[in-house]
> 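One structure, pasted below without further comment.
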Amino acid sequence: MSESEPTTPPAPADFIRDIVAEDLQSGKHPLSVTRFPPEPNGYLHIGHAKSICLNFGIARETHGRCNLRMDDTNPTKEEVEYVESIQADVDWLIGGWADDRLGRKVPGDVSGSAVLPSEASGRTLEPFFASDYFEQMLALAVELIRRGKAYVCDLNPEEMSEYRGVPERPGKPSPWRERSVEENLDLFERMRKGEFPDGTRTLRSRIDMASPNIHLRDPALYRIRHATHHRTGDRWCLYPMYDYAHPISDYLEGITHSICTLEFEIHRPFYDWVLQSLNLPRTLPRQIEFARLSLGYTVMSKRKLLLLVEEGLVSGWDDPRMPTLSGLRRRGVRPEALRAFAAAIGVTKYNGLTEVSVFESCIRDDLNLVALRRLAVLRPIKVVLTNIAEGETHWFDAVNNPSNPELGTRKIAFTRELWIDSDDFMEVPPPKYFRLRPGGEVRLKYACIIRCDEVVKDAAGEVVELRCTADLETRSGGANAAKKVKGTIHWVSAAHAIRAEVRLYDRLFTEEAPEADGRDFKSVLNPESAHTITALLEPTLAEARQTDRFQFERVGYFTLDVPYSPTGVAPTSVPLIFNRTLGLKDSWAKEMAKK
RNA sequence: UGGCCGAUGGUGUAAUGGUAGCACAGGGGCCUUUGACGCCCUUAGUCAUGGUUCGAAUCCAUGUUGGCCAACCA
């Protein structure tokens, strides 16, 4: 028997997964059905990734289903651009992991029936839309009116707010609260037909104007909005509120566990009220709340991200500095890293601040295993090897990934003139500096040891060239290959190097909590968050593919820049621009910073 | 003179009345043709006070403290 099974990470455990497991075990539900219900009013971000990993993770672990649903009940805020980007981002995040548990539907079907990919049999599927249920929601609202649980209210928004009262004082009943069922039915029908202008009437639940929970003081069910909806066009002028639409949508889709963030905790009694008031035949879904993610050195609210985009503070939703999924993808973060991060931070009801270092550690762990090692010089200084003849070329083998030999090797050219990084030479170095110095020796990675004989400066005193000698006997397989020097640096052959634009990204904000104590988050934008340089790269990088991940040795992780494409079709060729995903850990720089 | 929900090392979490553990971060070391990776060691915690119990991070009470709630947003 084999003791060394491939290690699969243990399934995460948390209070929500416990509830689901219990409900499955008790037989309350034969199958778990969760859902991810974003409003299509912006791009998905890493906070959504936490929710996606939770909901699809549960579906995956319990062999259940997770529906993707656009929560599109407010026509004034929603756009198809967002619908499309959301689908693309979800596909990207769960692809190869939980995509077999993705519940979608046949276009045109408004029943709420889900189809898994394995059941599609050639049909194209689309996500669910809350707007598909408008007809059923309306019928149920009529039922609520018939039961005396809803009424048409003529109060305007200001009056309604006044009647609602404040948390510490009860509200007072609307003067329209006691209308007859017949009158309510008539008025509601006329609201639907468009007889009244926006803001003149609402359909309200009839619960308790004195409830200590303000969300139970007859909250609105429907409002009049003469607006064009991205999906239903001008068919409706009456739109359901989230609090009403959500429980119904969940019920129609057979959702068993409706997982949302903490701020909806106080809405839960109303969620239950809607469903219980309707005497529905099937087992009702249960709403469970967890703490949303807040991550250091970034902002998470769609409103703020939208502001950054609109004011041109970033290049777009997919700017590699953005915490959006499209931004992270363009930055070079892989879905694997996002999923590992979600597992690492867990799920609780505690509102904390997660340090970015946790996320960065997940990104590095993931990339370290897959990234192809390459040599790249970001800020070049010329090195001339005086004992190598012009035109003389040596080819050395370089491994693509030391932790995964299957990724093979490549040849790199070694010639008289090379580039090294300016960080790797100091004329007057501090103690413990292991790199090149006048008269000093250093190993060139994959090649041999060189000694710096002479420093050539220009008129301004800037170092322009290092004249060195190479000791070819110290190359791999050479007579003196075992010779040790303290430092090993990266380099490229000047005759072979290619030039490319390299974009160095850093955190978007200078403060860990940009929105702390009411300050304007835009005032703490990091002016150093993006730098563009021209780097000299080993020529194999010319063939970089979009899916490749690279580690420029001793520098960091990089990937080809591929902007988000609204068509969903990846461009076949992209210009040679590399984005820095993340730098390597640098304990030398840290040591220097301490001083 | 409101309601709801929280509180475990610096941070995020685990322990479901029975040894306070893990990860990240920090510190020290080993290894190294990446000052990376890896490996070893290490610092550091149950909000407070009472109570129940043989035994409490866990149950109860009180207090402290933080978050959320007064859109015809989601």
Side-chain angles (χ1 to χ4, degrees), chain A residues 13-15 18 37-39 41 71-74 76-78 153 155-157 160-162 164-171 198-204 211-217 219-225 239 241-243 245-246 260-269 289 291 296 302 343-362 364-365 368-369 373 375 398-399 402-403 432-435 443-449 474-476 481 483-490 512 551-556 583-591:
Chain A
D14 53 64
F15 77 100
D18 289 346
E39 181 186 15
N41 66 344
D71 208 349
D72 56 348
T73 57
N74 184 352
T76 63
K77 287 190 173 177
E78 296 146 9
C153 180
L155 256 26
N156 66 35
M160 201 185 281
S161 167
E162 186 199 323
R164 182 165 35 235
V166 291
E168 17 328 269
R169 290 254 166 255
D198 290 5
T200 53
R201 279 182 235 261
T202 55
L203 183 73
R204 286 232 255 170
S211 170
N213 182 346
I214 237 162
H215 294 279
L216 255 21
R217 319 241 263 226
L221 263 21
Y222 274 91
R223 79 290 216 181
I224 300 170
R225 277 260 213 289
Y239 290 93
M241 302 289 294
Y242 163 87
D243 277 316
H246 210 85
C260 60
T261 46
L262 245 30
E263 64 271 25
F264 292 102
E265 216 157 15
I266 196 166
H267 297 236
R268 189 183 346 129
E289 310 84 13
K302 279 193 207 167
I345 59 178
V347 178
T348 65
K349 301 184 75 162
Y350 176 72
N351 261 312
L353 176 70
T354 298
E355 292 181 350
V356 258
S357 63
V358 179
F359 185 40
E360 293 177 343
S361 156
C362 291
R364 290 192 181 103
D365 276 356
N368 181 43
L369 265 20
R373 310 295 129 120
L375 298 183
V399 295
S403 58
K432 299 277 217 31
Y433 186 81
F434 298 155
R435 284 107 98 150
R443 179 175 282 280
L444 298 180
K445 179 82 179 177
Y446 304 124
C448 62
I449 293 172
T474 60
R475 80 226 232 191
S476 180
K483 179 173 176 181
K484 301 286 182 205
V485 285
K486 278 295 224 179
T488 300
I489 64 172
H490 55 100
E512 187 177 31
Q551 184 198 100
F552 293 177
E553 292 210 54
R554 304 207 312 125
V555 178
L584 252 29
K585 268 206 260 179
D586 188 347
S587 56
W588 170 246
K590 196 203 285 180
E591 185 71 25

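Chain A is the first sequence line, chain B the second, and so forth, proteins listed ahead of strands; every chain is numbered from 1.
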> Using atom CG of A/L369 as one end and atom P of B/C37 as the other, report the distance to the nearest whole Å.
13 Å
> What is the separation between atom CZ on A/R364 and atom P on B/U34, rounded to the nearest whole Å?
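Result: 18 Å.
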> Measure from CD on A/E289 to C1' on B/C4 and round the result to the nearest Å.
10 Å
> Could you tell me the separation between the CD atom of A/Q551 and the CZ atom of A/R364, rounded to the nearest 0.5 Å?
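Answer for the CD-CZ pair, A/Q551 versus A/R364, is 10.5 Å.
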> Does A/P402 reach a base, just sugar-phosphate, or nothing at all? Heavy atoms under 4.0 Å.
base
> Determine the interatomic distance between P on B/A57 and the same-named atom on B/U49; round to the nearest Å.
13 Å
> Is there a side-chain contact between A/R373 and A/P402 (heavy atoms, below 4.5 Å)?
yes
> Using a 4.0 Å heavy-atom cut-off across all strands, classify A/F15 as base, sugar-phosphate, or nothing.
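The residue A/F15 makes no contact with any strand.
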> What integer distance in Å separates A/Y446:OH from B/U32:P?
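From A/Y446 OH to B/U32 P: 17 Å.
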> Tell me, do A/T202 and A/M241 make a side-chain contact under 4.5 Å, heavy atoms counted?
no
> Say you pick atom C1' in B/G27 and the same atom in B/C68; how far apart are they, in whole Å?
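It comes out at 39 Å once rounded to the nearest Å.
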> Using a heavy-atom cut-off of under 4.0 Å over every strand shown, decide if A/K486 touches base, sugar-phosphate, or nothing.
nothing
> Without swapping roles, check the side chain of A/S211 against the backbone of A/L216 for a donor-acceptor pair under 3.5 Å.
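Flag not set: sc A/S211 to bb A/L216 has no pair under 3.5 Å.
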> Provide the distance between the two C1' atoms, one in B/U19 and one in B/U46, to the nearest whole Å.
15 Å
> At less than 3.5 Å, do the side-chain atoms of A/R554 and the base atoms of B/U34 form a donor-acceptor pair?
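Looking at the base of B/U34, it does not pair with any donor or acceptor on the side chain of A/R554 (distance under 3.5 Å).
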> Tell me, do A/Y242 and A/D71 make a side-chain contact under 4.5 Å, heavy atoms counted?
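They are in contact (side-chain heavy atoms under 4.5 Å apart), so the answer is yes.
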> Checking the side chain of A/R554 only, and the main-chain atoms of A/L584 only, is there a donor and an acceptor separated by less than 3.5 Å?
no
> Between B/G6 and A/Y350, is there a base-stacking contact, meaning the centre of the base's six-membered ring lies under 5.5 Å from the residue's ring centre while the planes stay under 30° apart?
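The ring of A/Y350 is not stacked on B/G6.
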> NA contact type, A/R373, heavy-atom cut-off 4.0 Å: base, sugar-phosphate, or nothing?
base
> Just wondering, do A/K349 and A/E265 contact through their side chains at under 4.5 Å, heavy atoms?
yes
> Is B/A71 syn or is it anti, if syn means the base angle is within 90 degrees of 0?
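In terms of base orientation relative to the sugar, B/A71 is syn.
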> Dot-bracket, RNA chain B: Watson-Crick or G-U, under 3.5 angstrom, [ ] crossing, | other strand?
.((((((..((((....[..)))).(((((.......)))))....(((((..]....))))))))))).....
> So, does A/K302 use its side chain to make a donor-acceptor pair with the main chain of A/E39 at under 3.5 Å?
yes
> Determine yes or no for a side-chain-to-main-chain donor-acceptor pair under 3.5 angstrom, with A/D18 supplying the side chain and A/A13 the backbone.
no
> Could you state the atom-to-atom distance from CZ of A/R435 to P of B/U34 in whole Å?
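Interatomic distance, CZ of A/R435 to P of B/U34: 13 Å.
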> Over how many whole Å does the gap from A/L216 atom CG to B/G2 atom P extend?
19 Å
> What's the gap between B/C59 and B/G3 when it is taken at their C1' atoms, as a whole Å value?
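My reading of the C1' atoms in B/C59 and B/G3 gives 24 Å.
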> In terms of side-chain heavy atoms of A/Y433, which of B/G12, B/U33, B/G35 is nearest?
B/G35
> Taking NZ in A/K486 as the centre, count heavy atoms belonging to other residues, nucleotides or ligands within less than 6.0 Å. Is the count above 12?
no
> Using the C1' atom as the reference point in each nucleotide, state the distance between B/U58 and B/U13 in Å, no decimals.
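Taking atom C1' in both B/U58 and B/U13, they lie 16 Å apart.
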> When all nucleic acid strands are considered with a 4.0 Å heavy-atom cut-off, which category describes A/N41: base, sugar-phosphate, or nothing?
nothing
> Taking any heavy-atom pair under 4.0 Å as a contact, classify A/A447: base, sugar-phosphate, or nothing.
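Contact class for A/A447: base.
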> Using OP1 and OP2 only, check whether a side-chain N or O of A/K590 sits under 4.0 Å from B/A25.
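Result: no.
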> Classify every nucleotide of nucleotides 68-73 of chain B by which part a protein heavy atom approaches to under 4.0 Å, writing B for the base, S for the sugar-phosphate alone and - for neither, in 5'-to-3' order.
SBBSBB
> For B/A61 and B/G67, measure between their P atoms and round to the nearest Å.
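B/A61 and B/G67 have their P atoms separated by 24 Å.
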> Once side chain to side chain donor-acceptor pair (under 3.5 Å) is applied, do any residues pair with A/R443, and if so which ones, sequence neighbours excluded?
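Per chain and number, A/R443 pairs via side chain to side chain donor-acceptor pair (under 3.5 Å) with no residue.
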> Could you give the CZ-to-C1' distance, from A/R268 to B/A74, as a whole number of Å?
18 Å
> Reading RNA chain B from 5' onward, which residue's closest nucleotide shows up sooner: A/S361 or A/A291?
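With A/S361 and A/A291 compared, the 5'-side residue is A/A291.
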> If you assign A/S476 and A/G352 each to the RNA chain B nucleotide with the nearest heavy atom, which residue ends up on the more 5' nucleotide?
A/G352
> For B/C24 and B/A14, measure between their C1' atoms and round to the nearest Å.
15 Å
> Any side-chain N or O of A/K585 less than 4.0 Å from the OP1 or OP2 oxygen of B/C37?
yes
> Mind calculating the distance between NZ (A/K349) and P (B/G66) to the nearest angstrom?
20 Å
> Working to the nearest 0.5 angstrom, can you tell me the gap between A/I224 CD1 and A/R201 CZ?
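Answer for the CD1-CZ pair, A/I224 versus A/R201, is 7.0 Å.
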> Between B/U32 and B/G9, how far apart are the C1' atoms? Round to whole Å, please.
32 Å
> Reckon A/R169 touches a base, only the sugar-phosphate, or nothing at all at heavy-atom distances under 4.0 Å?
base
> Would you indicate what A/Q551 reaches in the nucleic acid, counting non-hydrogen atoms under 4.0 angstrom: base, sugar-phosphate, or nothing?
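Answer is base: heavy atoms of A/Q551 come under 4.0 Å of a base.
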> What is the nucleic acid contact for A/E265, judged by heavy atoms within less than 4.0 Å: base, sugar-phosphate only, or nothing?
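Contact class for A/E265: sugar-phosphate only.
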